[in-house]
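Quantities reported herein were computed from a predicted structural model and do not represent experimental measurements.
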Amino acid sequence: MAEHDFTTPFLSKNRLSHSSDEPQVIITVNDAPAFESLKQSTTHRDFSDRHNGQNDQTNDTHSVTDNNPFEFLGVRGLDVPATSTIDPFRNHTPEIEGFYEWLKIVLVVPIAIVRLVLFGLAISVGYVATRFALEGWKDKQNPMPKWRCRVMWVTRVCARCILFSFGYHWIKRRGRPAPREIAPIVVSNHVSYIEPIFFFYELFPTIVSSESHDSIPFVGTIIRAMQVIYVNRFSPSSRRHAVNEIKRKASSNRFPRLLLFPEGTTTNGRLLISFQLGAFIPGRPIQPVIVRYPYVHFDQSWGNISLAKLMFRMFTQFHNFMEVEYLPVISPLENQKENAVHFAQRASHAIATALNVVQTSHAFGDFMLFSKASEAKKENPTLYMVEMAKVYSTFHLSSLEAVDFLDTFLSMNPDSSGHVKIDDFIRVLKLKACSLSEKIFRFLDVEKRGRITFKQFLFGSAHVLKQPLFRQACELAFAECHADGNDYISKQEFGDSVKQAIPDMNQYEIHELFKLFDLDGDGRISKDGFISCLRRNPLHIALFSPQLMHKNLSEDRKTC
């Protein structure tokens with residue numbers, strides 16, 4: 001494996017003309033951009049004249065500026081960072097290629113059968129021993145009694161047998177684990193499902209795991225014996241509970257040390273993605289550990305490859321290489337109150353330096369986007385990753401919100417390069433081909449190429465959604481729409497309101513757009529449904545700009 005792959009994730013200019021095994025962004029330049037017609041179709045008008053009361057109904061763009069349909073919210077334009085050209089989740093040998101690999105598999109098949117029998121025997125014995133150790137143990141808030149821990153040694157030996165069956169006959173170690181009283185928390189990079197098995201055998205730590213893992217056969221029973229801390233990463237209350245449990249168990253030497261993988265998911269090991277903060281919030285000393293899987297023909301990382309295929313490849317190798325290195329303990333700075341973010345940065349820098357890799361702004365949310373695009377059978381799911389750590393720090397947009405935006409974008413039928421043109425954009429958002437729709441599209445099309453990427457759509461939508469005045473604008477828009485004073489907007493009221501922005505919208509077009517807002521299909525729009533729809537489709541707030549232009553959104557309002 002070439003060393004330069006670890007340290008140069010971005011393509012330099014002099015490499016653009018050469019082939020590379022890393023994904024690249026290819027920009028096609030046309031002599032006659034399709035978007036030029038959009039520029040010519042827009043009538044230029046002065047925002048200040050309209051704001052002072054000049055209401056020319058002959059133009060359906062009277063409520064927006066020529067280039068920015070969201071200026072009434074305080075939006076001052078859109079800045080979309082360049083997309084990274086690297087894929088942290090890409091397994092570099094997803095398929096069996098080459099005569100040597102096929103020959104090796106044929107030769108190792110008889111050995112693989114023996115390994116499979118050893119694997120099944122080890123996991124069965126370990127499961128029985130673990131069930132015996134857990135039998136009758138009810139007090140899960142306190143450490144596991146010593147005699148039960150001794151029984152778990154049987155399971156730990158079985159874990160080493162499992163590693164042996166996967167081809168890890170010997171494992172190279174550097175350094176030593178620090179005593180638990182010195183470093184109660186261990187953090188490691190995460191490349192494969194092999195690391196949890198290894199650390200279970202080596203350290204028998206308490207781990208933090210997804211709640212869904214509890215239902216996995218065999219695995220759920222074993223992690224319960226490790227006094228697992230369950231967490232639902234999408235539930236704020238669950239995350240708070242997990243942090244409190246980490247603090248409680250790290251502060252008492254009666255509990256095992258804690259093991260966390262701060263990346264939150266597996267990568268291909270060629271770089272380090274953004275760290276989550278759970279291991280660093282308690283402010284306890286940590287020991288970083290790095291894991292490497294040197295290879296020539298078979299990439300052992302659990303990236304965009306199925307678990308069954310990865311296990312098969314492991315079983316059919318002569319030997320799989322694994323290296324584990326324990327790094328020096330990192331303690332919180334005593335001369336100042338160090339926050340968790342800075343503590344995590346010091347730890348990630350230490351791990352990245354030892355691995356000789358760079359750290360990117362990708363996060364678990366990018367893996368969710370990658371998986372969503374893969375499920376949609378997109379040719380290159382990597383195009384839909386946006387470096388979620390950067391998105392979160394800029395907009396405080398959650399991974400689930402980003403996935404919802406991707407779901408909308410995928411319904412626009414992006415092409416093989418991940419781009420969407422204005423026709424599909426308008427179709428999915430239930431808009432009408434008009435200058436207002438063109439202005440919304442142009443707001444996202446920061447490169448002025450007549451097509452947008454998911455990153456542009458996400459950044460533009462999030463930029464509008466997270467404006468301080470967005471919520472108030474939604475409430476004002478609802479108040480302006482329901483003229484008869486009830487708590488719902490009728491289709492007639494909705495149509496009258498939308499026509500102020502797009503005067504020539506016909507009844508069918510209004511009906512289709514109304515269905516988008518009528519979440520429960522009862523023929524009327526409640527306030528909660530109205531605001532909920534705008535949160536999922538924040539670009540639609542521009543439809544209500546005529547009612548909002550003369551309002552002072554910075555004023556506090558008593559009622560809506």
Side-chain angles (χ1 to χ4, degrees), residues 1-12 15 20-25 81-94 171-175 186-196 198-199 259-277 279-280 286-305 310 320-330 341-367 370 382 385-390 393:
M1 183 170 55
E3 287 297 322
H4 67 272
D5 289 336
F6 284 128
T7 57
T8 55
F10 299 100
L11 295 176
S12 59
R15 292 181 61 194
S20 172
D21 62 350
E22 295 289 346
Q24 302 181 18
V25 176
T83 300
S84 172
T85 60
I86 56 177
D87 180 357
F89 310 112
R90 176 188 173 193
N91 182 291
H92 287 259
T93 59
I171 297 173
K172 186 176 181 179
R173 295 175 178 81
R174 295 177 182 172
V186 172
V187 296
S188 172
N189 63 314
H190 200 7
V191 180
S192 178
Y193 61 87
I194 294 298
E195 297 106 48
F198 169 80
F199 286 119
L259 169 68
L260 293 98
F261 299 102
E263 291 173 288
T265 187
T266 55
T267 70
N268 58 18
R270 296 188 172 209
L271 47 80
L272 209 63
I273 65 174
S274 179
F275 275 17
Q276 300 178 23
L277 301 180
F280 309 97
I286 66 164
Q287 182 172 30
V289 184
I290 60 174
V291 180
R292 302 183 185 91
Y293 297 90
Y295 75 93
V296 176
H297 301 285
F298 167 49
D299 183 357
Q300 301 158 60
S301 65
W302 191 12
N304 55 334
I305 183 173
L310 187 63
N320 289 311
F321 292 91
M322 180 180 181
E323 298 176 358
V324 179
E325 182 176 354
Y326 293 91
L327 302 181
V329 173
I330 300 177
V341 174
H342 187 250
F343 194 10
Q345 289 173 347
R346 290 201 293 133
S348 63
H349 177 73
I351 293 177
T353 301
L355 285 170
N356 192 28
V357 301
V358 297
Q359 185 172 24
T360 74
S361 295
H362 292 89
F364 176 74
D366 288 288
F367 182 74
F370 179 93
T382 303
M385 295 190 296
V386 295
E387 297 178 280
M388 272 303 301
K390 188 179 297 182
S393 65

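Within the 4.5 Å cutoff, no side-chain heavy atoms of Q287 are placed close to those of L327. Here the side chains of V324 and V289 are in contact, with some heavy-atom distance below 4.5 Å. No side-chain heavy atom of M322 sits less than 4.5 Å from a side-chain heavy atom of P294. Between I86 and H362 the shortest side-chain heavy-atom distance falls below 4.5 Å. Between Y293 and I194, some side-chain heavy-atom pair lies under the 4.5 Å cut-off. Contact annotation: the side chain of M385 approaches that of D87 to within less than 4.5 Å [non-hydrogen atoms, C-beta and beyond]. Side chains of L272 and N189 form a contact here, defined as non-hydrogen atoms less than 4.5 Å apart. Here the side chains of R270 and H92 are in contact, with some heavy-atom distance below 4.5 Å.
The closest side-chain donor-acceptor pair between S348 and Q359 falls under 3.5 angstrom.
Heavy atoms from other residues, nucleotides or ligands lying under 6.0 Å from NE2 of H349 number 12 at most.
Side chain of D366 to backbone of E387: a donor-acceptor contact under 3.5 angstrom is found. Listed for the S301 side chain is no donor-acceptor partner under 3.5 Å among the backbone atoms of G269. When atom types are taken as modelled, the side chain of N91 and the backbone of N268 share no donor-acceptor pair closer than 3.5 angstrom.
Of the charged side-chain nitrogens involved, none lies within less than 4.0 Å of a carboxylate oxygen, so that E325 and K172 do not count as a salt-bridged pair.
Evaluated for a side-chain contact (heavy atoms from CB on, under 4.5 Å) with I290, the options V191, V187, I351 yield exactly one hit, I351.
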### Message
M388 vs F364, test: side chain to side chain contact (heavy atoms under 4.5 Å, CB included). Steps then yes/no.
### Response
CA-CA 8 Å; M388 272 303 301; F364 176 74; over 6 Å; no
### Message
If you apply the rule side chain to side chain contact (heavy atoms under 4.5 Å, CB included), what do you find for F199 with F261, and how did you get there?
### Response
CA-CA 11 Å; F199 286 119; F261 299 102; 4.2 Å; yes
### Evaluation steps, side chain to side chain contact (heavy atoms under 4.5 Å, CB included), between Y326 and R174
CA-CA 6 Å; Y326 293 91; R174 295 177 182 172; over 6 Å; no
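Taking every heavy atom of both residues into account, L271 and P88 meet most closely at CD1-CB, 3.2 Å. Taking every heavy atom of both residues into account, F275 and A347 meet most closely at CE2-C, 4.3 Å.
With rounding to the nearest 0.5 angstrom, the OH atom of Y193 is 9.5 Å from the CD atom of Q300.
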